[in-house]
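So the structure is just underneath, and the comments pick up after that.
We name chains A, B, ... by the order of the sequence lines, and we start the count at 1 in each one. Owing to the predicted nature of the structure, the values given are computational and were not obtained by experimental measurement.
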Amino acid sequence: MADSERIKQILFFLSPALALVVVFYIIPLILAVYLGFTPLRDWNLKAYMGKFTTQSYEYLFYLVTHDPDVSKVVKTTIVFTSATLIVNVLGGLLLALAAFFMEESVSLTYRSLWLLPRLTPVAVYSLLWYYFFLGSGEGTLNSLLLRLGLIDHPIAWGTDPSLQPAGTWLILIVVNGFVGVSFGMIIFYSALKSIPREQIIAARIDGANTFQLIRRILLPQIRWHLVYVTIWQLLSLLTTFAHIFLLTEWGVVDRWWGTTWALYVFNEAFSAGEQGVAAAAATILVAIGAVLGLLSLRLLGFKKMMQEPRGEI
Amino acid sequence: MSLASILGRVRRGRKEAVAETIVYHDVETISRRRMTLLLATILGLISLPLVMIYLLLVLSSFADHMLSGPDIFTAKYSLENWRLLFEGRLEPAAAPLYTFWDLVKIIINTLVVAAGVAAVVVVASTLAGYAFSRMRFKWRRGLMEFLILLHAFPGVALLIAVYAIYVWSLQLVPKNVLTSYQFLFTILARASLEIPMSIWLMKGFFDKIPWEVEWSALVDGASRIKTWWKILLPQVKPGIAALSIFAFLAGWEDLIYVHVFLYVAGGIKTLATFIEETIGNIETAYLPIAAAAGTLYLLPTLLFFIFTQRLLLETMSGGVKG
């Protein structure tokens, strides 16, 4: 077949996806880094686009070191990311192991149940937890504790100044923890399922109990999956903010203790009108994303997944 | 066939024949029944808050007050909250804030975004998935790797720049098609987020289809495009179904993109921003009516979740692996 004909055919199949990738990933990525070096404000592209400056980075550095609110954001990002990461990876591992040792019908029910938070519309999921942690006696948590007699007046978990930052952090970790565990669960479960059954049977015949089986047979075989999930979750926790966005907007949690770096970037760009500063702050995330993304790509066992097409004529 | 399912068959078969005199010991996990019971109980206790918060929301939408647990047995249930929601009254005593048709429009807006995202994702990834599965070209591997890498880039950084492009492009759009353009841009921008994983997913579905029929078609001189349309697409229907559901739910659940591109930029509401606004306006919002709004928004997700459970779970495993 003529070469130009082949190229035409390949382009037919690839062009819609490539067009989307170019317009919504490649150009924006370059543009985001570029915007970090402009003084862009209030989306006034005409006035600020051509001006090169590093003032956004200097300003950002000043804020991190001097502004008490922004230093709260940095602390929250560190605590929230590491604590939720542990919850997500360990929780996902425990769920996957439990599902692995259960009979299929029961296991299926649980696995899909834990998928529900991920599929639930963000606004509804936030509403569920808004109502759960509500500071008045109407909130589920307060109402239950009052009924049990454990507290005698309703507690504003996320806003009472004497409980911060612990209260706010706890809410953020719980809310995101329930969404995040399903990722690890799915990856670990399919990894566990692909371990040859003979190995497990052999270990059982040799008299291994469940704990030994997990420790000596199962965990060593999924260690790369553990690393992969950890990196990937770290990346999502650093960059996603949808679930936190409404909790702070609705005042469930303290405004600054409840803001992570990604949400700070979003607010700078879309509420404060400081797109130059926001883009500079986002560029830091882009750099982290690039490093962690490349790292997890190496861990994926990429070559195995890319077989050559066999029937090319 | 896995050992477990063979054993399961043997067990069932024997049970029918010899009744319970034979106790079959599964050598692999010794006492799987007991283990299942134990684990299911522990997991059940951990999952309880999760089930509870969903249950309380749905029940509260029919109740005379927000429920918080034991009171689900004593509350009075009616359709009152749902009536008030559709009448536009966010509090029983308040005047209507919007009309019935306003709410219908909000629901239609949400559907348009979700269906649009599904359509864009399905078209782009069934095309690209085929090329990556079946065609040999220079940048094939590099491009596939690059797609995964794209998935790793922070959405918030993209969002700022995509919004800048949006602001710039608005001046080129005639006023009379502005609303359509706003929807189109939102759909394309949101769909792009799903593109990398969806291409991987579709490539996986194409990889599983045997080559033989395709070979004979290609040898007979059929073009690639014709083969893709006539021979392969009918065979990946389950994959297309799973992908459509996923992409639809992704468009349906989205908050940030509809908030930025439709609500802030154009004053166009969807169910997500409707709830955002309702709760943000908490002095006038009466929680059971907000619960009804939340349940309404949750409905399609729950329906897909219940009826396509296994499909979603399998696709999810295929999708996130890649």
Side chain, backbone, both or neither of A:Leu127 within contact of chain B (heavy atoms, under 4.5 Å): side chain
Closest non-hydrogen atom pair between B:Pro70 and A:Arg147, with its separation: CG-CD, 3.8 Å
Portion of B:Leu43 that has a non-hydrogen atom of chain A nearer than 4.5 angstrom: both
Toward chain A, the part of B:Leu147 with a non-hydrogen atom under 4.5 Å: side chain
Considering all heavy atoms, the nearest A:Leu35-B:Ala161 contact: CD1-CA, 4.4 Å
Shortest non-hydrogen contact from A:Tyr110 toward B:Ala40: OH-O, 2.7 Å
Partner chain A: residue of B:Leu249, B:Leu57, B:Leu158 with the largest heavy-atom pair count (under 4.5 Å): B:Leu158
Rounded distance (nearest 0.5 Å) linking atom CD of A:Glu268 with atom CD1 of B:Ile160: 9.5 Å
Region of B:Leu302 that comes under 4.5 Å of a non-hydrogen atom in chain A: side chain
Stepwise side chain to side chain contact (heavy atoms under 4.5 Å, CB included) test for A:Gln9 and B:Ser223: CA-CA 9 Å; A:Gln9 286 191 347; B:Ser223 76; 4.1 Å; yes
Residue selection (most heavy-atom pairs with chain B, distance under 4.5 Å) from A:Leu29, A:Leu18, A:Leu144, A:Val265: A:Leu29
Heavy-atom proximity to chain B below 4.5 Å, by part of A:Tyr189: neither
Considering all heavy atoms, the nearest A:Leu119-B:Glu253 contact: O-CB, 4.2 Å
Shortest non-hydrogen contact from B:Ala124 toward A:Leu20: CB-CD1, 4.3 Å
B:Met52 side, atom CE; A:Thr140 side, atom OG1 - distance, nearest 0.5 Å: 6.0 Å
Which of B:Thr273, B:Leu193, B:Thr126 touches chain A most, by non-hydrogen pairs under 4.5 Å: B:Leu193
Best-contacting candidate, A:Phe245, A:Trp114, A:Phe13, against chain B by heavy atom pairs under 4.5 angstrom: A:Phe13
A:Ala191 portion near chain B, given a 4.5 angstrom heavy-atom threshold: neither
Heavy-atom contact with chain A under 4.5 Å, split by part of B:Leu188: both
Audit row: B:Leu38, A:Phe101, side chain to side chain contact (heavy atoms under 4.5 Å, CB included) steps and yes/no: CA-CA 10 Å; B:Leu38 179 72; A:Phe101 282 111; over 6 Å; no
Contact class of A:Thr210 relative to chain B, heavy atoms under 4.5 angstrom: side chain
Audit row: B:Leu287, A:Tyr130, side chain to side chain contact (heavy atoms under 4.5 Å, CB included) steps and yes/no: CA-CA 11 Å; B:Leu287 273 173; A:Tyr130 167 83; 4.1 Å; yes
Main-chain N/O of A:Lys46 paired with B:Trp168 side-chain donor or acceptor, under 3.5 Å: no
Parallel, tilted or perpendicular: rings of A:Phe270 and B:Tyr163 (30°, 60°): perpendicular
B:Leu255 vs A:Pro121 side-chain heavy atoms within contact, under 4.5 Å: no
Contact origin within B:Val120 toward chain A - heavy atom pairs under 4.5 Å: side chain
Chain B contact via A:Ala269 - side chain, backbone, both or neither, heavy atoms under 4.5 Å: side chain
N/O donor-acceptor pair under 3.5 Å between B:Ser192 side chain and A:Phe24 backbone: no
Point-to-point distance, once rounded to the nearest 0.5 Å, from OG of A:Ser143 to CG of B:Leu67: 9.5 Å
When A:Pro28, A:Ser112, A:Ala202 are compared by non-hydrogen pairs under 4.5 Å with chain B, the top option: A:Ser112
Structural part of A:Leu235 lying under 4.5 Å from a heavy atom of chain B: side chain
B:His259 portion near chain A, given a 4.5 angstrom heavy-atom threshold: side chain
Residue among A:Phe12, A:Tyr125, A:Trp129, A:Phe178 with most heavy-atom pairs under 4.5 Å to chain B: A:Phe12
Winner by heavy-atom pair count (cut-off under 4.5 Å) against chain B, out of A:Ile30, A:Val33, A:Leu246: A:Leu246
Portion of A:Trp43 that has a non-hydrogen atom of chain B nearer than 4.5 angstrom: both
Under 4.5 Å from any heavy atom of chain B - which part of A:Leu116: both
Contact class of A:Phe132 relative to chain B, heavy atoms under 4.5 angstrom: side chain
Between CD1 on residue B:Ile279 and OG on residue A:Ser126, distance to nearest 0.5 Å: 10.0 Å
Part of B:Ile53 lying under 4.5 Å from any heavy atom of chain A: both
Pick from B:Val264, B:Ile195, B:Val260 with the largest number of heavy-atom pairs that fall under 4.5 Å of chain A: B:Val260
Nearest-0.5 Å distance, CD1 of residue A:Ile10 to NZ of residue B:Lys138: 12.5 Å
Exercise: identify the closest heavy-atom pair between A:Ala17 and B:Ala128: CB-CB, 3.8 Å
Side chain to side chain contact (heavy atoms under 4.5 Å, CB included) evaluation trace for B:Glu276 with A:Glu249: CA-CA 9 Å; B:Glu276 178 190 349; A:Glu249 194 189 70; 2.8 Å; yes
Chain A contact via B:Val51 - which portion, at a heavy-atom distance below 4.5 Å: side chain
Winner by heavy-atom pair count (cut-off under 4.5 Å) against chain A, out of B:Ile225, B:Val167, B:Leu149: B:Ile225
Under 3.5 Å side-chain donor-acceptor pair for A:Thr120 and B:Tyr54: yes
Option that, when pairs with chain B are counted at under 4.5 Å, heavy atom only, ranks first among A:Ala98, A:Gly36, A:Ala19: A:Ala98
Segment of A:Val23 engaging chain B (4.5 angstrom heavy-atom cut-off): backbone
Heavy-atom proximity to chain B below 4.5 Å, by part of A:Leu40: neither
Side chain / backbone / both / neither for B:Tyr297 at chain A, heavy atoms under 4.5 Å: both
Portion of A:Leu45 that has a non-hydrogen atom of chain B nearer than 4.5 angstrom: side chain
Chain A contacts, top residue of B:Ala157, B:Ser47, B:Ala272 (heavy-atom pairs, under 4.5 Å): B:Ser47
Under 4.5 Å from any heavy atom of chain A - which part of B:Leu150: both
Side chain, backbone, both or neither of B:Leu56 within contact of chain A (heavy atoms, under 4.5 Å): side chain
Part of A:Val106 lying under 4.5 Å from any heavy atom of chain B: side chain
